[in-house]
Amino acid sequence: MKKNNVTLQKNNDGTMTETIKIVYVTDWVLGDNKLSNTDPFGEVLLEFDADVSIQNALPHNFEEIDLLILHPMEMNSAIFETISHSKSENPAIKTVVISSAHGSDLFLQAIDVGVDKYLLKPLLPSAVKKVSERLIRQSLEAKQAQKAFKQINLMFGAISKTSLLIRMEENGLIIEVNDLLCRLLGYQSEMMIGSHWMRFVERRFWIFLRTLVRERLKSGDIYRGIIEFISVKGDLITVDSTIYAIRNQRGEIEEIVCIAQDLSEVNRAILASMEQLIDYEPSLTVLFNHRYEAILVNQKYLDLIGYERNDDFFASSPTRTWMAETSEGLEPINFDGCTRREVLESIFRQVHNGEIQGRVVLENRHQNKEYYTLHISSMPNPMIPSEEYYILYFIDVTPIERMKEDRINDAKLMSVGRLAAAITHEINTPITYIKGNLELLQWECEDKIPEVLPLFEPIQEGISRIESIVGSMYEFAGTGKEEMKPCNIHMTLIYALRIIMNRSKHIVQILMNGEIFSLSSAYDSNSCMTMGISNRLEQVWIIILNNALDEFEKGTISYENRHIDIHFHCDEELITVAISDNAGGIPDNMVEGIFDFATSGDKKKSMGIGLNVAKAIIDKHGGGIRVSNKNSGATFEISLKRYKEKPDVV
């Protein structure tokens, strides 16, 4: 037996060349441990830069052998048993049999036990050398691949403890995922292995990643960048990924590996900063992602609706109706069964696409309206610069709209006042003729037909009522420039009641200080005074009384059970007027804002019409107005400063 130990050589990159162990077994005569002319193949094998062992007995341990060459004088069952045993103990071993024995049975046996090469003699040593070179090269490749596989497994084992890992075939089918990724996405590993990895990636990355595999990875590039995975719940998880290919000796892609870091915390930090940004906005503000999905609203919006968490807010159903102003009027944006998220996303898409170009209107169940103009701004996503976040601002222009309405109403009131003044003047003239002629007729009848004199009393009463109503209209209409001057509060109440009497007499009885009011009710000319504008104060009483009448008309209380009570009281400092009804009262959630603007396309269905005007008038007079629910109805209490005439100083 002869053994040749070969020293390992370094490659150009500094790594060590793998050592190949060759065992050559022959029972031909070797003579003094030297090959004779009867076996020329040993000399060829000794030329290899390998660990070559030449022996005449079959080995028993095959684990470290890379190439086993058997050259027996006679073929027997022990040869095939040895080969079979070597393959079972070391599947990577390469085996060669050199023999002069021919026959199909021998070939079949050799194939069955896994002989890599069966060489028939006569045979040149160069042929053995060529076959051995090829098998040695295959062994080297197998060793290097096995070593690389071990290194990759060690690397993957270390990476799996801190990073997300996917290993896939060249066609994208997953062959391994780590526990971190499974827990993050909510899948069992068995559910992911065998599936195409694109199934777990957000759709908008598909085209890019297919191009990446088809072009960049095949050219040897490594991709580093952001992608998004989809969890089992449908949530998007942003990761910072590194994707590269593992190649075989022929340069073909055998595996594709994706190693990623979860950026959920970074994403949450970005959203937190976005939330702080929109919380500073004084208007209602909504944040959308690049898919136009609503993800955050600002604190003002949450407070307005009464929620603490965005998730609860978005999942809830709207209690008010959003409408868009169009050339044909208001068009509803809400639809039955929708959530607040769906409504906001619908508004955003319509604004973004130019379908909504005017204002939007928010209407509550009492048909009170709020008006908003819309504005969209955008900012780049810090993690994915090609994508943007969008911010939708609802800018409240209700005060401006109310100011416009107030001016229109003021103009209407001025027109009505002028018309009322003209009408009263036109009525006064014929009434004067009628009254004068009636008096003449009465004088004539006193002498000639005294029995008809009782008929004149109802006629005179009717004329007095007409004069009273005309006087109230003239007072309410006002003339000339408005200025503060002493005015009789009791008189303003009487005039206001006369004006609404035509409506109220069919709806409810009105009592003043316990007495039923009628057109014949007179005011106390000596009642307490305040500095004010009498027709404006009459306007306050009419607004409050008309709101009470509106509520009675909407309700189901019978006429005999309805009542409006006016209590008028004055002391040394204050004049107090309390107007109470039993029409059902004001909803608790509206009491605080009842003096805000309240308008509706159908006034009969609204509540609080004109109360903002009433409050503004009382404020201008230096008084106070408050409302509360008492005795199944609403009570408005108005207080004004009492005017005292200063005595002349001599």
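For the residue pair T398 / E370, no side-chain donor-acceptor distance below 3.5 Å is found, with atom types taken as modelled. For the 3.5 Å distance criterion, the side chains of R340 and S316 qualify, holding a donor opposite an acceptor. Between the side chains of S346 and Q350, a donor-acceptor pair is found at a separation under 3.5 Å. No side-chain donor from either of N547 and E551 sits under 3.5 Å from a side-chain acceptor of the other.
Counting only heavy atoms from C-beta outward, the side chains of L392 and F288 approach each other to under 4.5 Å. Contact of the K369 side chain with the L330 side chain is registered, since non-hydrogen atoms from C-beta on lie closer than 4.5 Å. Looking at heavy atoms from C-beta onward, M192 lies in side-chain contact with C182 at the 4.5 angstrom threshold. Y371 places none of its side-chain heavy atoms less than 4.5 Å from the side chain of T373.
The main-chain N or O of F62 is found under 3.5 Å from a side-chain atom of N90 such that the two form a donor-acceptor pair. Distance alone, capped at 3.5 Å, is enough to place a donor-acceptor pair between the N298 side chain and the S283 backbone. A distance-only check finds a donor-acceptor pair linking the side chain of Q357 to the backbone of G354 [under 3.5 Å].
Ionic pairing of R349 and E355 is not present here: no N-O contact between side-chain nitrogen and carboxylate oxygen is shorter than 4.0 angstrom. With salt bridges taken as basic N to acidic carboxylate O contacts below 4.0 Å, one links R309 and D311. Using a cutoff of 4.0 Å between basic side-chain nitrogens and carboxylate oxygens, K554 and D550 are not scored as salt-bridged.
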Where do L284 and D396 land on the side chain to side chain contact (heavy atoms under 4.5 Å, CB included) test, with the steps shown first?
CA-CA 8 Å; L284 306 182; D396 189 1; over 6 Å; no

Quick one: do L287 and V297 satisfy side chain to side chain contact (heavy atoms under 4.5 Å, CB included)? Show the steps, please.
CA-CA 6 Å; L287 179 68; V297 298; over 6 Å; no

In sequence, state the C-alpha distance, the side-chain angles, and the governing distance for Y390 and Y292, and then conclude on ring pair (Phe, Tyr, Trp, His ring centres under 6.0 Å).
CA-CA 8 Å; Y390 299 93; Y292 305 161; 5.6 Å; yes

Is there a side chain to side chain contact (heavy atoms under 4.5 Å, CB included) between K300 and T285 once you walk through the steps?
CA-CA 8 Å; K300 180 170 183 177; T285 309; over 6 Å; no

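In this structure, E388 places its CD atom where more than 12 heavy-atom neighbours from other residues, nucleotides or ligands lie under 6.0 Å away. More than 12 heavy atoms of other shown residues, nucleotides or ligands fall within 6.0 angstrom of atom CG in D221.
Atom CD1 of I594 and atom CD1 of I586 lie 4.5 Å apart (nearest 0.5 Å). Residue H290 holds its NE2 atom at 3.0 Å from CZ of R204, rounded to the nearest 0.5 Å. In this structure, CG in L277 is found 7.5 Å from CE in M274, a value given to the nearest 0.5 Å.
A pairwise comparison of heavy atoms in I65 and N61 identifies CD1-O, 3.5 Å as the closest pair. Of all heavy-atom pairs spanning A50 and I20, the tightest one is CB-O, 3.2 Å.
Ring pair F394/W322 is tilted by interplanar angle, where 30° to 60° counts as tilted.
Figure legend: R626 and F636 shown without cation-pi pairing, the cationic atom not lying both under 6.0 angstrom from the six-membered ring centre and within 45 degrees of its axis.
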